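Data first, discussion second: the structure below is written as structure tokens.
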There are 2 protein chains.
Amino acid sequence: MNESINITAYSLLGLLAKRPWSTYELVAFMERSVLNYILPRTRSQLYNEPKKLARLGLAHARVAGAGRKRTVYSITPEGRAALKAWLAGPGGAQKMEYLSLLKLYLTDCRDTTAVGERLAGMRREVLDTAREALAQIERIENTGVALEDTAPMASLATRLAVHHSKAQLAWLDELESYLADPPSADAAADWAMGHYRHSARQLRALIKRHGDT
Amino acid sequence: MNESINITAYSLLGLLAKRPWSTYELVAFMERSVLNYILPRTRSQLYNEPKKLARLGLAHARVAGAGRKRTVYSITPEGRAALKAWLAGPGGAQKMEYLSLLKLYLTDCRDTTAVGERLAGMRREVLDTAREALAQIERIENTGVALEDTAPMASLATRLAVHHSKAQLAWLDELESYLADPPSADAAADWAMGHYRHSARQLRALIKRHGDT
DNA sequence: GAGGTTTGGTCTAATTTGGACTAAGTTAGT
DNA sequence: ACTAACTTAGTCCAAATTAGACCAAACCTC
């Protein structure tokens with residue numbers, strides 16, 4: 001019954017290390033800040049984890065309530081210690097799940113109509129993501145950073161989203177050329193091989209240039 | 001008790017549409033091909049889903065076994081219909097989870113040692129991912145595409161991984177400049193604002209250039 | 001013929017999600 | 001002053017998913 005503390009709980013603890021938050025604020029921040037990009041979590045979990053932190057003595061819960069219930073959490077010294085230990089530990093590569101790409105992968109590549117539609121849909125999705133990121137930034141610019149997101153780190157994390165959007169759009173542009181000139185049925189294997197060789201070359205160059213360890 | 005068919009099951013169905021596979025082959029492919037990048041799933045689920053497909057009549061299971069047990073699945077006409085309907089449906093933006101970045105986000109930005117170590121770790125992770133992708137490509141090049149991964153789509157999906165690695169490394173290079181010249185405590189807010197404005201400008205340009213719908 | 005590796009899986013607890021549900025305060029219109 | 005609609009601030013639970021330990025047969029090597 002030894003409750004263990006998971007990634008979600010640690011990240012909430014990380015926010016509590018900066019100041020006390022009500023659960024609602026924590027949830028709103030996790031959903032609306034760049035954290036939603038780095039660690040998307042459902043509401044129900046976000047509401048559960050602070051309770052666990054309190055049970056474990058890593059945070060202190062105080063029901064501050066004129067009228068409506070509203071629980072405010074603050075970090076304890078034990079919490080700070082646990083957070084510090086966790087932050088010192090190793091990270092982990094990013095994992096992604098990309099349903100549209102999966103569907104593209106599984107559609108018959110000779111069905112150029114379906115492929116074209118999927119590509120258009122993916123472009124829309126990427127642009128929507130970009131627009132959302134932009135809206136987030138504009139919210140921060142209008143209200144002043146300090147309001148929700150004081151750390152310089154947040155602005156750096158946001159830059160990753162920008163680089164990602166750019167990469168994604170560049171890739172989509174590349175794919176458009178597929179539609180413009182799809183390989184014939186018997187040349188498909190060679191065509192794919194050409195792309196693999198191109199990818200391999202680029203990867204080798206990247207590894208060489210950046211990995212002088 | 002109406003079993004529903006999930007994304008994992010659909011993607012396995014998509015593979016079965018190409019040819020019959022044994023469960024083991026399906027698992028190996030999901031783990032070692034670019035699908036592991038698009039839809040990472042655990043072994044236990046990958047072993048469970050084909051059974052469900054069989055129960056629902058979307059696939060047909062045949063125990064082909066000289067000696068050892070080995071179940072081979074093939075798609076049924078109902079399976080093909082279900083797959084087609086699913087593929088025609090909408091996709092979904094990519095979701096990611098990036099533990100290292102989360103930790104970077106939560107570390108105190110004035111602790112340049114910790115930040116530096118985290119950045120170095122992230123670079124290692126990205127390079128490892130790139131090396132793995134390269135190894136995958138080389139496996140395909142050596143054995144011939146046809147063996148496991150016949151679709152041209154696979155080579156295009158792989159290109160996304162390349163674009164992603166490139167973007168990630170460019171971002172890391174940008175972050176290095178943080179270490180070289182960290183903002184002073186009282187200039188931190190302005191410094192972050194500068195980055196936000198830069199991001200906003202780039203996002204607006206991207207949206208304008210690519211989103212002429 | 002002993003030991004290690006690969007093949008081909010099963011099983012379980014714990015985690016996580018998705019989504020329905022509540023209930024109180026707040027705002028806008030009549 | 002009354003009420004409808006919306007936002008805030010959550011709870012609850014079944015179902016999906018993961019992590020990872022476990023198992024056993026077949027193969028390879030010495």
Side-chain angles (χ1 to χ4, degrees), chain A residues 1-12 20-32 35-36 38-56 59 61-73 90 92-97 99 102 148, chain B residues 1-12 15 20-32 35-36 38-56 61-73 90 92-93 95-97 99 102 139 148:
Chain A
M1 196 50 69
N2 203 341
E3 269 183 317
S4 63
I5 174 164
N6 58 19
I7 300 175
T8 314
Y10 274 119
S11 70
L12 294 175
W21 302 63
S22 76
T23 326
Y24 190 79
E25 284 175 309
L26 285 173
V27 173
F29 189 78
M30 292 289 289
E31 281 178 350
R32 284 197 271 276
L35 280 175
N36 185 50
I38 301 172
L39 192 81
R41 285 298 183 260
T42 55
R43 223 165 262 196
S44 37
Q45 202 188 1
L46 294 175
Y47 271 107
N48 267 330
E49 296 307 322
K51 295 181 196 167
K52 198 192 287 176
L53 288 176
R55 275 199 301 276
L56 290 168
R62 188 175 75 254
V63 176
R68 197 187 316 176
K69 185 162 129 190
R70 171 178 257 259
T71 317
V72 176
Y73 291 87
Q94 71 270 56
K95 259 192 261 183
M96 76 158 194
E97 183 177 318
L99 191 49
L102 175 66
E148 347 189 275
Chain B
M1 197 51 67
N2 203 341
E3 269 184 318
S4 63
I5 173 165
N6 59 19
I7 300 174
T8 314
Y10 274 119
S11 70
L12 294 175
L15 294 179
W21 303 62
S22 76
T23 327
Y24 190 77
E25 285 175 308
L26 284 172
V27 173
F29 189 78
M30 292 290 288
E31 281 177 351
R32 284 197 271 275
L35 280 175
N36 185 49
I38 302 172
L39 192 81
R41 285 298 182 261
T42 55
R43 219 165 263 196
S44 36
Q45 202 189 359
L46 294 175
Y47 271 107
N48 267 331
E49 295 308 322
K51 294 180 196 167
K52 199 192 287 178
L53 288 175
R55 276 198 300 276
L56 290 167
R62 190 175 72 254
V63 177
R68 196 187 317 175
K69 186 163 129 189
R70 170 179 258 257
T71 317
V72 176
Y73 290 87
K95 258 192 260 184
M96 76 158 193
E97 185 177 318
L99 191 49
L102 175 66
R139 221 162 34 230
E148 349 189 273

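Keep in mind it's a predicted model, so treat the numbers as computed, not measured. Reminder, nothing fancy here: chain letters follow the sequence lines and each chain counts from 1.
- Rounded to whole angstrom, the span from the CD atom of B:E49 across to the P atom of C:dG9 amounts to 15 Å.
- Side-chain N/O atoms of B:R41 include one lying less than 4.0 angstrom from OP1 or OP2 on D:dT18.
- When each of D:dC13, D:dA19, D:dG10 is scored by its nearest atom to the side-chain atoms of A:T23, the top-ranked nucleotide is D:dG10.
- Scanning atom types as modelled, no donor and acceptor separated by under 3.5 angstrom connect the side chain of B:S4 and the base of D:dA15.
- Rounding to whole angstrom units, CH2 of residue A:W21 and P of D:dG10 are separated by 14 Å.
- Spacing between atom CG of B:L46 and atom P of C:dC11 amounts to 17 Å, rounded to whole angstrom units.
- Rounded to whole Å, atom C1' of D:dG20 lies 14 Å from atom CG of B:N48.
- The base of D:dG20 lies close enough to the side chain of B:S44 for a donor and an acceptor atom to sit less than 3.5 Å apart.
- Checked against C:dT7, D:dA9, C:dC11, the side chain of A:Y24 finds its nearest nucleotide in D:dA9.
- Atom OH of B:Y10 is separated from atom C1' of D:dT17 by 18 Å (rounded to the nearest Å).
- Inter-residue side-chain proximity for A:L35 and B:L102 is flagged as met; some heavy-atom pair is nearer than 4.5 Å.
- Side-chain nitrogen and oxygen atoms of B:K51 include at least one within less than 4.0 Å of the OP1 or OP2 phosphate oxygen of C:dT10.
- Within the model, atoms OG1 of B:T8 and CZ of B:R41 stand 4.0 Å from one another, a figure rounded to the nearest 0.5 Å.
- Of the residues A:K95, A:E97, A:M96, the one that meets the side-chain contact (heavy atoms from CB on, under 4.5 Å) test with B:M96 is A:M96.
- Candidate nucleotides C:dT17, D:dT17, D:dT18 were compared by shortest atom distance to the side chain of B:T42, and D:dT18 ranks first.
- A heavy-atom distance below 4.5 Å is not found between the side chains of B:L26 and B:L46.
- The nearest whole Å value for the distance from the CD atom in A:Q45 to the P atom in D:dC13 is 17 Å.
- For the OP1/OP2 pair of C:dG9 and a distance below 4.0 Å, the side-chain nitrogens and oxygens of B:T71 include at least one atom meeting the criterion.
- Interface remark: the B:S22 side chain does not form any donor-acceptor pair with the C:dG8 base, using a distance-only criterion of under 3.5 Å.
- Following rounding to the nearest Å, A:K95 (NZ) and D:dA19 (P) show an atom-to-atom distance of 5 Å.
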Original post:
What do the steps show when you test A:K51 against A:T23 for side chain to side chain contact (heavy atoms under 4.5 Å, CB included), and what is the final call?
Top reply: CA-CA 9 Å; A:K51 295 181 196 167; A:T23 326; over 6 Å; no
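- Rounded to a whole Å, the OH atom of B:Y47 is 17 Å from the P atom of D:dA19.
- Between A:T8 and A:R43, the residue anchored nearer the 5' end of DNA chain C, judged by the nucleotide with its closest heavy atom, is A:T8.
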